[in-house]
Amino acid sequence: MDLSAILFPIFTLLGGLAFFLYGMNAMSGGLEKLAGGKMEKTLKKMTANKFASMGLGAGITIAMQSSSALTVMLVGLVNSGIMALEQTVGVIFGSNIGTTLTAWILSLAGIESGEGGGIGNFLISLLKPANFSPIVALIGIILIMMSKSERKKDIGTILVGFAVLMFGMQLMGDAVKPLAADENIETFKSFISIFNNPFVGVAVGAIFTGIIQSSAASVGILQTLAIETKAITFNMAIPIIMGQNIGTCVTSLISSIGVTKNAKRVAAVHVLFNIIGTVVVLIIYLPIYLLVEPIKNALSTNINAQEIALCHTIFNTFTTFLLVPFTNLLVYLAKKIIPDAKEEEKQSFIDERLLNTPSFALAECDNHTVKMAKLARETFLNATNLARKAENGDGFDEKLAEQVRLDEKSLDKYEDKLGSFLVKISSKDLSQSDSHEVSKLLHTIGDFERIGDHAVNLLGVAKEIADKNISFSEQAREELKILSSALEEIITITVTAFEENNLELAKDVEPLEQVVDSLTARIKANHISRLQKGDCTIELGFVLSDLLNNFERVSDHCSNIAVAMIEVAHDSFDTHKYLKGIKSETNADFSERYNEYDIKYKLF
């Protein structure tokens, strides 16, 4: 026995599978980077409508080239409390339709041209991946090596990934070609005759797909065997395709380890959907196959790559629309299989499974930072309200003060967890825009946290005013009222600009910050003037100084946040240069806005 004749084809088959999986991974990574966090934001908006979420699930699966990766992401989103279980069902349904596109792309390997050298045959031959993938790879490498645009580099990665994937298909085809030789074909047909038993086909399809965790690769190998051996029949392929859908659930089951009960139910819905769909189709398929002789004869004929893709599409589409009316039942069964925990479970802040799709993880960090921004605004406004009440002699609201302290602790937790998660994201392969977004968030979360610190400082000042029964002069109270209004506007503008990523609104922050600086300087000067006239005391001056310093620091942090937003948009992080430029005498927009705010908040 020639050992090399047995081992080398196996090595080639495994090597082809490795190239296939690597190419698929490179393609999906490039597509995901190209899409950025837009898919994630759309995902949460559209999941309210069942059919819209199905369409979105199909679209995201096509973009990511992996239904398993989408399900893992859904587990992470539910585990973080970002999505509800019910919202994920339609997306899972849609992903099963979206994954069928891969089989159609792979079926191009089975295109055959006719005899002769006409232009028609040339064009048909050009559709074969073996003929056009080298050109695709060349274009991809040129984009990666010569383009300065990150977007074009990502497109290059997608093209190279596709070429590598197709090269893997070709290697697998070369590995199984010897099976089609005259001396081997009868032995091969005898071996695969066990797949005439539908239950064996389902089991093998499920097990093999579960091992390699890629239904696309499993379908690709089946198509390769059909192309090269011409010994695979419909009645062999159809049960294997059913089993592949069950095997692809392994990835989501693995991802559900160590998550909340609700997140585990996402994987349960995925498994139930594929098992129930397979069982129903088998119940319909088996009597027809066994009892209707013409259909049995038709199913015993050879199947080609395009027909495998068609069967895959029909099966997935049929089972999807079959179970659409029973989405609530699937959720009910998942809850019965995985009952609620006796003790309340803690949800993950941002689930680390989302790191598998960095742009999605980054979009969630952005969402949490927006929540942090709103909390910082609310905390500061509550603190200024407390200080205003104390200034007016209305005492100290201890209940509101405790809420400010609790919110400040929440801001600390936001900064700690977001900072740690953003560092992990920064180590991933990110697009240029995502890298800039990470930088922006890392620059801003500290400023939002510090706004909370200054809010707590204001509590101390308000407490001192109330305890010592300090009373400011009428003029000082009016001045502080005007300054407080300016602070309320600047923090509101800053948070709104950040939430909406509105750069035009962010440009309004710096002129107002300069007005706040001018106001604090004038109020200090007015206090000194009153002190010299004997209308004020040094003790009041200390309290006033504490108020003004905290107000001014909050204004500075608002400026930092707005500048970070604008710098990211302009791919620059030279804060000093930016501030110097906008404050120059030649900047008419800045001067105009400054004058407007100066008039609006003019002291009497």
Side-chain angles (χ1 to χ4, degrees), residues 10 13-25 28 61 64-76 88 92-93 95-100 102-103 106 165 168-169 172 176 192 194-195 197-226 232 236-259 263-282 308-309 311-312 315-316 319-320 323 330 333-334 337-338 353 356:
I10 294 174
L13 179 65
L14 294 175
L17 178 60
F19 276 112
F20 183 98
L21 293 173
Y22 177 80
M24 181 68 70
N25 185 63
S28 62
T61 302
M64 296 175 68
Q65 286 293 295
S66 175
S67 60
S68 299
L70 176 58
T71 308
V72 170
M73 185 184 69
L74 292 174
V75 170
T88 65
I92 292 171
F93 282 9
S95 71
N96 265 41
I97 295 176
T99 196
T100 60
T102 308
L106 300 179
L165 180 151
M169 279 282 288
M172 289 190 288
V176 299
I192 63 172
I194 60 171
F195 291 106
N197 183 327
F199 296 104
V200 173
V202 171
V204 171
I207 293 168
F208 183 74
T209 305
I211 291 171
I212 64 175
Q213 292 189 42
S214 173
S215 60
S218 184
V219 170
I221 291 173
L222 182 63
Q223 288 174 313
T224 300
L225 285 169
I232 306 298
M236 294 176 186
I238 291 172
I240 292 173
I241 290 169
M242 295 182 196
Q244 287 166 342
N245 270 35
I246 296 174
T248 195
C249 297
V250 169
T251 308
S252 60
L253 287 172
I254 293 171
S255 75
S256 66
I257 296 171
V259 298
K264 283 183 170 69
R265 290 168 184 157
V266 176
V269 168
H270 191 213
V271 174
L272 285 168
F273 168 73
N274 285 296
I275 289 178
I276 292 172
T278 300
V279 170
V280 170
V281 173
L282 268 177
I308 288 174
C311 289
H312 187 228
F315 172 72
N316 281 27
T319 55
T320 297
L323 294 174
L330 287 175
L333 290 174
I337 295 168
I338 304 169
R353 288 162 186 78
N356 294 325

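The structure presented is a predicted model; accordingly, all values stated were derived computationally and were not measured.
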Legend entry - Test item: V281 and I238 side chains (from C-beta on) under 4.5 Å apart, heavy atoms: no
Legend entry - Sub-4.5 Å side-chain heavy-atom contact between L222 and I241: yes
Heavy-atom pair of closest approach, residues [X] and [Y]:
{"X": "L333", "Y": "L272", "answer": "CB-CD1, 3.8 Å"}
{"X": "F93", "Y": "L323", "answer": "CE2-O, 3.6 Å"}
{"X": "V75", "Y": "A267", "answer": "CG2-N, 4.4 Å"}
{"X": "A268", "Y": "I338", "answer": "CB-CD1, 3.9 Å"}
{"X": "A103", "Y": "V219", "answer": "CB-CG1, 3.8 Å"}

Quick one: [atom1] on [X] to [atom2] on [Y], what's the gap to the nearest 0.5 Å?
{"X": "I92", "Y": "C249", "atom1": "CD1", "atom2": "SG", "value": "9.0 Å"}
{"X": "I97", "Y": "T320", "atom1": "CD1", "atom2": "OG1", "value": "4.0 Å"}
{"X": "I232", "Y": "L225", "atom1": "CD1", "atom2": "CG", "value": "5.0 Å"}
{"X": "M242", "Y": "I275", "atom1": "CE", "atom2": "CD1", "value": "14.0 Å"}

Legend entry - Under the side chain to side chain contact (heavy atoms under 4.5 Å, CB included) test, residues paired with T100 that sit two or more places apart: H312, T313, N316
Legend entry - Counterpart residues, side-chain hydrogen bond (donor to acceptor under 3.5 Å, both in side chains), relative to T319 (two or more places apart): none
Inset, instruction - Not counting sequence neighbours, which residues clear side-chain hydrogen bond (donor to acceptor under 3.5 Å, both in side chains) with T248? List them please. - result: S68
Inset, instruction - Keeping the roles fixed (side chain from Q223, backbone from I308), state whether a donor-acceptor pair exists under 3.5 Å. - result: no
Legend entry - Donor-acceptor under 3.5 Å (S218 side chain, S215 main chain): no
Inset, instruction - Determine the sole option in I276, L282, V280 for which the side-chain contact (heavy atoms from CB on, under 4.5 Å) test with T278 is passed. - result: L282
Inset, instruction - Taking atom CZ of F19 as the centre, report whether more than 12 heavy atoms of other residues, nucleotides or ligands fall under 6.0 Å from it. - result: no
